[in-house]
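Counting starts at 1 for both ligands and their atoms, in listed order. Predicted, not measured: the structure shown is a model, and the values here were computed from it. As a basis for the values below, the full set of heavy atoms in this structure was taken, side chains included, without hydrogen atoms, waters or symmetry mates.
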Amino acid sequence: MSDKNQPREPFSRRSFIQTAAMTAATLALPGCSRNEKPVLSTLTGDFDPLRSYPYRGWEDFYRKIWTWDKVVRSTHSANCTGSCSWKVYVRNGVMVREEQAADYPRINADLPDYNPRGCQKGGCFTEYVYSPQRLRYPLIRTGERGEGKWRRATWDEALTTVAEKLLDNIYNYGPDTNSFFSVIPAMSPVSFCAGSRLAHYIGGVFLSFYDWYCDLPPGEPLTWGVQTEACECADWFNSKYIVLWGSNISQTRIPDAHFAYEARYNGAKIVCISPDYNASATHADLYFRINPGTDGILALGVAKLLIDQNLIDAPYVKEQTDLPLLVLSGTNRFLRDSDLKKGGKEDIFYFWDTKQQKAVPTPGSMGSDQKTIQLSSADPALTGTFHVPLADGKSAEVTTVFELLKKEIAGYKVDKVAQRTGLPAYEIELFAKELGTRKAAMIIHGAGTNHWFHNDLSNRSLILLVALTGNTGKNGGGFNHYVGQERIWPEQGFFKLAFPETRKKQRFQNTTLWSYVHSTNKDPHLYNGKPIEWYIQESVKNGWMPLWPKNGKKPRAFIVWRANYLNQAKGNEILESSLWKDLDLIVDINYRMDTTALYSDVVLPAASYYEKVDINTTDCHSYIHPFGKACEPLFESKTDWDIFHALAEKMAEVATKKGLKPFHDEAFDWNRDFTQLAHDWTGKGAIQSDEQAVNFILGNAEETKGMTYQQLQEKPKRFIATDPESWNSDIEEGVAYTPFKHQLEKKRPWRTLTGRQQFYIDHPWYIELGEALPTFKEPVDEKYPLFWNTPHGRWSIHSTWRDHRAMLRLQRGGPIVYMHPDDARKRGLQDNDWVRIHNEVGQCVCRLQILPGEKPGRVTMYHGWEKYLGFKEGGWQSLTYIKIKPTQLVGKYGHVNFRLNYWGPTGNNRDTKVEVEKAKV
Ligand code: SF4
């Protein structure tokens, strides 16, 4: 969008001052008339500051920054969740600066608006675009991986190398040996789809990211049958009680934190639960400096207080949760229709109706004919033990899930909880009382809690609190998880572009499992006496989790774009020396040289965020806005869309030249004719450009029907509707989006086996491992004294901007680890010392910063530091390893089934413990 009214060379301030000074001097001189030549000798030469000042050049340069030829709307896609619309100013083809667009339409006059959105990283992206780390040309490795030795290649040579290898793998080893990794479609879906379409048409393995990054909250698919669904951040303002649980919004939700703090003017109280006294804690009415890894026991202790003090919303619990459902005392399984009748269904469940004094089927379960959870006249019992006649004529004792829950949490008395969490008992009681009485109440949930091994248990325990108090499904209430820019709003349009031939015909793979199995990573723990390998084998054998490639083959090619796999990989050196070493070809598509690019074989230069056409959404708000081409991709870079298009064309060319016959992909009965690959990839020629791809997504989604890319360049637009297939509430005019109104207001069943918020999972593994109900389990690694905490930081979005000059200046310019003064004193460490952080897995060496706000017994390094950015040894992931939780391998249980980025083992890392000592450097 160009601003045609803006003059290219405006009348400069300097010429204005000179003219004005001359005029004033002329008029002031005695005897000076229009007919006489003015004599200005006293104001010339050294006495004239305007003429003699020697540094006019840079002043002009500075002033000209505020002139431009055109303004283009764009944003950033680094998985920050911000999704902020920016204007990029361009002069003479150079992107000179950016400015927050600040034109999000208001939801209603009583809610604070989203303007202006942004953070300090977004405010300096133009500089990043021209920085030395920018990739300019295709590169082919000449030294060892990671050595940094490259030669410049032509696009033709680089693409031919990749195309030949991918085809070679397909015909010689099978299509499942080609693997593809990209992340977070919401942040730039067209870029994502460019590669996913290629993976789709060549039968490659498409790897997950949300579970691998441990941003997926597994408690949500378990309890609600959704991947994640949270309120948009404007809804925080509607809350009267905001609990920041492991979420440091001042630091990690910079554009949105104001909604929570402004809510205090609207009567809200803020509770902050975090081991460190952080930037968000300073705003809290109640601050819990909790012991690391004990969130679950606090939640269950509070649940007990809510129940004991009758602070629960019983009508809500009876209608919306599985707590009244009956469980057979002998087997600990739900009472099912099949238990009561011969030929009865496995997915119909029962509660005890106190009016009829008998067990009646609950409406809305997966097997129920009723597509509602409305109870009509029934009144389910929450407590009690009953007897029911079984199909075999015998009688069986049943009780409710609520009774079992009370039994489960009976031990979590407030003194015990206080002792384990390190919190005062009276403050826990105060918290329970306020949570039970201030409506609406919400939990803002973050990675601080989610990145633990038992994240599913703590998720379920926290969700229990907002269910017991009747807060989920209401504006200002609920459990709202914000880690990663997870949901893409126009989801159905995106799916059609990403995996066009139907989503079933794709090799999807959980990355945690893939990385574990194909490397020498080893989890030493036993689960119920069995190693994790036993659970993995069972899960794969039962078809619960896929494992590609099949038949013991190794992955051979790995293509990464829009991601930094190696920076994020748990057990970094372990992976590098096994999985990574075994790969024949690693391709990285990137606009900057990051750790993954450095350790690749072929690097293809991609357009940056300001050089491409795409769209951007987040669950933090309900608007869509675009990426725009402020200028053509710099140097020899290309957009992701054009790179994969060119690769598809190159593969077709190679297949034609080699006379390759169509490959019969047996798994899908798919005859893949690679000579036609570019034709297929472009949707038979219909989607050639990235703008066409954007319009394809917009036109195929309920949320964005009728919108076009060009319209989005004008200003952000709010979604017009939600597709009921993807979402659980409507977009309402004047109302901030919050999920699960369909269930609460329209009485639609929850997307679970029981049709209710399901806290009881009666899968045999859950029962066997003692996790049928939310419970508390201790962190799994105890050997070393200090927890290793690697949260999201203020000065980068993951690894992006980590190497930005301006951001480095705001810290100490390199990786640092924070430690409490007491811990430092005990170890004889001084501020700024070089320290060695180590455990049985590995080590890293960096500088120490002593920080009184840190929790004793824990050290923190903000994550994302590239390995080459100042460590003397190792990196932040050198101390972690992959630990798979057996219960997260389960599948084929009602709503609990593998789906990419929806359900699968998470790559947790917070249970890691370390020791720190002075380093010899
Ligand atoms: S980096 Fe993210 S949070 Fe920051 S301005 Fe850009 S989009 Fe917004």
Side-chain angles (χ1 to χ4, degrees), residues 72-89 95 97-104 113-129 131 183-189 191-192 213 215 230 232-234 236 247-260 279-280 444 446-447 482-489 562-564 591-592 594 608-612 614-628 630 712 715-716 791-808 810 862-864:
V72 176
R73 189 182 290 272
S74 200
T75 183
H76 314 110
S77 63
N79 191 17
C80 56
T81 74
S83 186
C84 313
S85 195
W86 286 76
K87 289 176 176 175
V88 184
Y89 291 80
M95 298 172 268
R97 67 187 170 93
E98 53 270 281
E99 186 178 276
Q100 289 150 292
D103 53 2
Y104 286 87
D113 65 10
Y114 283 101
N115 297 311
R117 290 179 76 68
C119 76
Q120 85 282 33
K121 281 85 70 187
C124 60
F125 189 71
T126 41
E127 187 183 319
Y128 210 38
V129 166
S131 297
V183 300
I184 330 285
M187 64 186 196
S188 45
S191 280
F192 180 97
Y213 288 166
D215 293 350
E232 64 175 302
C233 297
W236 299 356
S247 183
N248 183 1
I249 55 172
S250 291
Q251 194 154 303
T252 61
R253 296 293 168 272
I254 291 174
D256 291 304
H258 70 97
F259 287 111
S280 306
I444 293 176
Y482 307 96
V483 191
Q485 203 161 325
E486 49 271 356
R487 291 296 298 275
I488 171 158
W489 281 82
R562 303 164 67 256
N564 194 353
Y591 69 86
R592 67 186 186 95
D594 64 13
S608 82
Y609 312 148
Y610 292 169
E611 300 151 37
K612 64 181 186 179
D614 211 323
I615 42 177
N616 186 275
T617 70
T618 173
D619 42 5
C620 284
H621 64 60
S622 50
Y623 300 86
I624 185 162
H625 54 87
F627 291 85
L712 296 183
K715 68 176 357 191
H792 299 123
R794 185 195 287 275
W795 304 286
S796 75
I797 303 296
H798 314 293
S799 57
T800 311
W801 285 281
R802 262 282 167 237
D803 47 355
H804 192 294
R805 188 181 58 94
M807 294 302 109
L808 286 169
L810 295 174
Y862 289 112
H863 89 170

Would Y114 and F259 count as a ring pair (Phe, Tyr, Trp, His ring centres under 6.0 Å) if you check the C-alpha gap in whole Å, the side-chain angles of each, and the deciding distance to 0.1 Å? CA-CA 9 Å; Y114 283 101; F259 287 111; 5.0 Å; yes

In chain order, what residues pass the side chain to side chain donor-acceptor pair (under 3.5 Å) check against S608, with sequence neighbours excluded? E611

Checking salt bridge (charged side-chain N to carboxylate O under 4.0 Å, His left out) between D103 and each of R117, K715, R73, which is the one that passes? R73

Tell me, with the steps shown, if Y104 and H625 meet ring pair (Phe, Tyr, Trp, His ring centres under 6.0 Å). CA-CA 9 Å; Y104 286 87; H625 54 87; 5.7 Å; yes

At a cut-off of 2.8 Å, protein N/O/S around atom 8 (Fe) of ligand 1 gives C84 SG

Within reach of ligand 1, part of W801 (heavy-atom separation under 4.0 Å): side chain

Applying side-chain contact (heavy atoms from CB on, under 4.5 Å), name anything that partners I797, two or more places apart in sequence or on another chain. A78, C80, K121, W801

So is F125 close enough to ligand 1, meaning a heavy atom under 4.0 angstrom away? no

Identify whether the distance between the nearest side-chain nitrogen and carboxylate oxygen of E127 and R805 falls below 4.0 Å. yes

Side chain to side chain donor-acceptor pair (under 3.5 Å) filter on T617, not counting sequence neighbours, yields none

